[in-house]
Amino acid sequence: MEFDYIVVGGGSAGCVLANRLSEDGRSTVLLLEAGGTDRSPVVRIPAGEATAIMSDRYNWKYEAEPDSTRDGRKDVWPAGKVLGGGSSINGMMYVRGSRYDYDNWASLGNPSWSYDHVLPYFKRMETSEIGDDAYRGRSGPLKASLTRVPSRITEAFIAGGVETGILRNNDTNGAAQEGIGHSEASQKNGWRHSTAQAYLRPARSRSNLCIVTKAIVVKINVTNSVATGVDYVKAGQKHTVRCRVEIVLSAGAMASPKLLLLSGIGPSDALQNMGIEVKAHAPGVGRNLQEHPGILLFQHVNIRTLNTEVTPLRIFLHGLNFLLRGRGPATTSIGHGVAFIRDSSDAPAPTLQLAFSPIAYDFTPEGVRLYRKPAVMIAVNVCRPNGRGEIRLRSPAPLDPPIIDHKLLADEGDLQKLIYGGRAARKIFGSHAFAKYSVDERLPGNGVDTDADWVRYIKDMAFPMYHPCGTCRMGPDDQSVVSEDLRVKGISNLRVADASIMPIVPSANTNVPTIMIAERASDLILNSR
Ligand SMILES: Cc1cc2nc3c(=O)[nH]c(=O)nc-3n(C[C@H](O)[C@H](O)[C@H](O)COP(=O)(O)OP(=O)(O)OC[C@H]3O[C@@H](n4cnc5c(N)ncnc54)[C@H](O)[C@@H]3O)c2cc1C
């Protein structure tokens with residue numbers, strides 16, 4: 001079999017590419033996705049998120065190495081294994097990042113990724129209900145929706161934040177990111193709006209688009225430095241497909257570098273040690289792994305919160321409300337309010353993100369579990385952490401998971417920022433506007449006060465915010481994997497387009513920036529034909 005384009009991975013980015021590359025009908029496109037379809041209530045109904053994350057069916061559950069900066073803790077890093085990828089199991093927070101993030105990418109040798117260059121793609125991808133037309137899109141495939149389950153306590157979070165000196169910002173995805181306001185969610189009429197729904201569904205019936213699920217790509221075939229096709233395994237059978245124009249790797253920040261390495265594109269010494277034939281020496285493949293370190297503050301409150309809405313009667317009533325009106329607790333995304341603040345007036349852009357949830361989970365080694373008393377949470381994370389990790393091959397066997405080596409708290413500056421952010425979140429809980437709902441602080445609790453207390457708490461509780469990226473970094477230097485036009489260096493007809501190309505993690509949950517990357521990649525590919 002032969003196609004013009006092969007897209008590897010039908011996740012947040014891959015579904016966008018499958019749609020855009022097949023849109024004009026002139027090219028044949030094959031989309032290969034390791035997971036299955038997204039036809040399941042736990043994927044489509046927002047409240048199913050915790051169930052989807054716990055499931056082996058929809059989640060790769062990558063196990064990281066012990067983290068020596070957190071007493072050897074071993075995290076399980078989730079990643080979507082289903083059409084839509086991360087956008088089918090994520091918390092649906094809709095966040096672009098700041099102007100500074102993209103101008104910073106440009107200043108690192110990627111001038112065509114400045115904010116002014118990427119803004120048209122952020123607009124083209126979305127239909128937003130808020131903000132200024134100069135910044136927000138009104139007719140794109142993906143719906144950015146305000147919450148359909150308003151709550152008094154989210155308003156108290158926002159008012160409390162303003163009381164503590166944070167600017168009120170009605171659109172943190174607009175002209176400026178800094179400030180506090182409501183969060184948008186990737187939802188349409190209350191349903192999760194993944195890229196499988198927003199981009200792939202309208203394209204599915206095109207005769208020039210072939211979608212194969214449960215197809216695990218195991219190798220990109222390269223002859224004389226030209227990518228010619230891929231091998232994939234489906235139901236235990238190996239298949240080879242050829243590509244006439246280009247292969248686009250969109251398997252995500254863990255699997256894209258892994259596939260490059262398996263295909264002989266990576267640090268030559270490491271490849272030789274694994275007995276893999278070197279096709280291109282690319283020392284940066286798998287390096288530069290970035291992730292937002294986060295902590296939670298957890299407050300008991302005196303009004304009902306969404307985590308207590310799970311009695312049989314309430315589940316029935318909320319289910320009805322959801323099905324008839326697309327509203328209510330079943331539509332909840334993870335963040336209802338959001339704040340971007342700076343820990344220093346010298347910082348060029350916000351350095352901390354605070355996300356407010358009128359819902360409380362416990363994060364256990366087994367996964368997320370609803371907490372059964374009325375409580376709310378603020379997740380605090382560093383926007384652009386300095387810590388870096390890497391992805392390596394565990395073995396040359398394609399189905400073995402990769403090694404994920406990341407030290408979340410290796411950088412003292414990141415740790416200090418978390419202390420600052422924790423204190424800022426605590427001030428919001430202590431504000432006049434919030435105090436009328438407060439019962440007591442469950443986490444970190446009264447015992448945490450001095451810097452040393454905070455350091456202990458952060459080391460015990462810090463977790464990756466599920467935003468891995470940067471492992472096939474874009475840039476002009478020797479350590480970068482792809483050039484500014486996303487072509488893999490040293491190999492023709494092969495590009496990477498997903499979260500792995502980000503040179504620096506943006507101050508955002510990474511789904512929307514990834515979709516922007518895929519939108520832009522589709523133009524780069526089509527314009528070069
Ligand atoms: C639990 C969770 C919560 C999150 N919450 C948010 C949030 O609220 N807001 C937000 O903006 N971001 C959030 N994120 C992050 C966001 O979803 C990701 O950054 C984004 O989905 C990354 O997109 P991607 O295209 O790079 O990779 P993915 O979406 O992961 O896509 C990669 C796809 O490739 C497939 N694949 C992998 N290997 C192979 C192979 N060998 N062969 C074929 N296919 C393969 C995978 O199955 C997957 O479908 C969250 C992520 C997770 C996991």
Side-chain angles (χ1 to χ4, degrees), residues 6-17 31-36 38 46 49-50 52-54 57-62 76-97 144 173 183-187 192 194-196 200 212-220 230-234 248-259 262-263 291-292 333-335 338 353 355 357 363 367-368 379 398-399 401-402 464-472 496-502 505-506 508-518 521:
I6 299 176
V7 180
V8 177
S12 296
C15 290
V16 176
L17 282 147
L31 176 67
L32 294 169
E33 164 55 39
D38 65 333
E49 186 203 348
I53 293 178
M54 296 289 278
R57 183 164 171 192
Y58 302 118
N59 184 350
W60 288 93
K61 296 188 180 171
Y62 291 108
V76 175
W77 291 31
K81 184 171 59 173
V82 53
L83 283 176
S87 71
S88 285
I89 68 163
N90 69 16
M92 291 158 281
M93 283 190 73
Y94 191 102
V95 184
R96 282 182 179 178
N173 288 317
S183 179
E184 293 177 276
S186 309
Q187 290 185 355
R192 174 189 288 280
S194 65
T195 56
L200 202 57
V212 185
T213 54
K214 305 253 167 99
I216 304 178
V217 176
V218 291
K219 192 176 177 197
I220 298 152
V230 304
D231 292 345
Y232 70 91
V233 175
K234 182 172 165 100
V248 190
L249 193 49
S250 298
M254 262 79 97
S256 284
K258 181 187 156 193
L259 265 171
L262 284 171
S263 311
E291 175 55 284
H292 289 133
S333 63
I334 190 73
V338 69
Q353 179 178 358
S357 310
F363 289 78
V368 265
L399 302 187
M465 293 286 293
Y466 310 157
H467 303 148
C469 64
T471 48
C472 299
V496 184
D498 59 22
S500 71
I501 69 99
M502 298 178 184
V505 63
N509 312 61
T510 38
N511 191 47
V512 167
T514 302
I515 297 170
M516 175 278 288
I517 289 167

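Residues: numbered from 1 along the sequence shown. Atom set for the values below is all heavy atoms of this structure, side chains included, hydrogens, waters and symmetry mates excluded. As the structure lists them, so they are numbered: ligands from 1, and atoms in each ligand from 1.
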#### Entry: Sub-4.0 Å heavy-atom approach of I216 to ligand 1
yes
### Query
Heavy-atom contact under 4.0 Å between G335 and ligand 1?
no
### Message
Below 3.5 Å, N or O to N or O, backbone or side chain included: is there any such pair between M92 and ligand 1?
### Response
yes
#### Entry: ligand 1 contact by W60, heavy-atom criterion under 4.0 angstrom
yes
### Task
Do me a favour and list the nearest non-hydrogen protein atom to atom 8 (O) of ligand 1 with residue, atom name and distance?
M93 N, 2.9 Å
### Message
At under 4.0 Å between heavy atoms, is it the side chain or the backbone of V82 that contacts ligand 1, or both, or neither?
### Response
backbone
### Task
Of the side chain and backbone of I53, name the one, both, or neither that has a heavy atom under 4.0 Å from an atom of ligand 1.
side chain
### Query
Between A34 and ligand 1, which residue portion shows a heavy-atom distance shorter than 4.0 Å: side chain, backbone, both, or neither?
both
### Query
Can you tell which part of A215 has a heavy atom less than 4.0 Å from ligand 1: side chain, backbone, both or neither?
backbone
### Nearest neighbour in protein (non-hydrogen) for atom 30 (O) of ligand 1
G86 N, 3.8 Å
### Query
Applying a strict 4.0 Å limit to heavy atoms, is G14 in contact with ligand 1?
no
### Task
Looking only at distances, please establish whether an N/O atom of ligand 1 is found under 3.5 Å from an N/O atom of G35.
no
### Message
Students should be able to answer this: which protein heavy-atom is nearest to atom 38 (N) of ligand 1, and at what distance?
### Response
A255 CB, 3.3 Å
### Task
Could you grab the distance from atom CG of D498 to atom OG1 of T471, nearest 0.5 Å is fine?
7.0 Å
### Summary
Among C15, A251, A185, closest by heavy atom to atom 32 (C) of ligand 1 is A251
### Task
Looking only at protein heavy atoms, identify the closest one to atom 24 (P) of ligand 1 and say how far it is in Å.
T514 CG2, 3.8 Å
### Summary
When distances are taken from atom 27 (O) of ligand 1, the protein heavy atom at minimum range is G252 CA, 3.5 Å
### Query
Is ligand 1 under 4.0 Å from a heavy atom in the side chain of L32, in the backbone, in both, or in neither?
backbone
### Task
Flag the pair V95 / V512 as yes when at least one side-chain heavy-atom distance between them is below 4.5 Å, and no otherwise.
no
### Query
Please state which protein non-hydrogen atom is closest to atom 2 (C) of ligand 1 and give its distance, to 0.1 Å?
Y466 CD1, 3.6 Å
#### Entry: Nearest-0.5 Å distance that lies between atom CZ in R96 and atom CE in M516
10.0 Å
### Geometric N/O contact N511 with ligand 1, under 3.5 angstrom
yes
### Message
Assess, by modelled atom type and distance only, whether the side chains of S87 and N511 contain a donor and an acceptor separated by less than 3.5 Å.
### Response
no
### Message
Could you identify the single nearest non-hydrogen protein atom to atom 26 (O) of ligand 1 and state the distance to 0.1 Å?
### Response
A499 N, 3.0 Å
### Query
Is there any N or O on N90 that sits under 3.5 Å from an N or O of ligand 1?
yes
### Message
Working to the nearest 0.5 angstrom, can you tell me the gap between N90 CG and T510 OG1?
### Response
8.5 Å
### Message
Can you check which of G9, S88, G80, A50 brings a heavy atom nearest to atom 46 (C) of ligand 1?
### Response
G80
### Query
So which bit of S87 gets within less than 4.0 Å of ligand 1, heavy atoms only: side chain, backbone, both or neither?
backbone
### Query
Do any N/O atoms on E33 end up under 3.5 angstrom from N/O atoms on ligand 1?
yes
### Message
Could you walk me through whether H467 and N509 satisfy the side chain to side chain contact (heavy atoms under 4.5 Å, CB included) test, starting with their C-alpha distance in whole Å, then the side-chain angles of each, then the deciding distance to 0.1 Å, before giving a yes or no?
### Response
CA-CA 6 Å; H467 303 148; N509 312 61; 3.6 Å; yes
### Message
For atom 20 (C) of ligand 1, what's the nearest protein heavy-atom neighbour? Residue, atom name and distance, please.
### Response
S12 OG, 3.4 Å
### Message
Looking at non-hydrogen atoms alone, which of G91, S333, P468 comes nearest to atom 5 (N) of ligand 1?
### Response
G91
### N or O pair under 3.5 Å between A13 and ligand 1
yes
### Message
Checking the side chain of E291 only, and the main-chain atoms of Y466 only, is there a donor and an acceptor separated by less than 3.5 Å?
### Response
yes
### Message
Below 4.0 Å, non-hydrogen atoms only: which portion of H467 touches ligand 1? Side chain, backbone, both or neither.
### Response
side chain
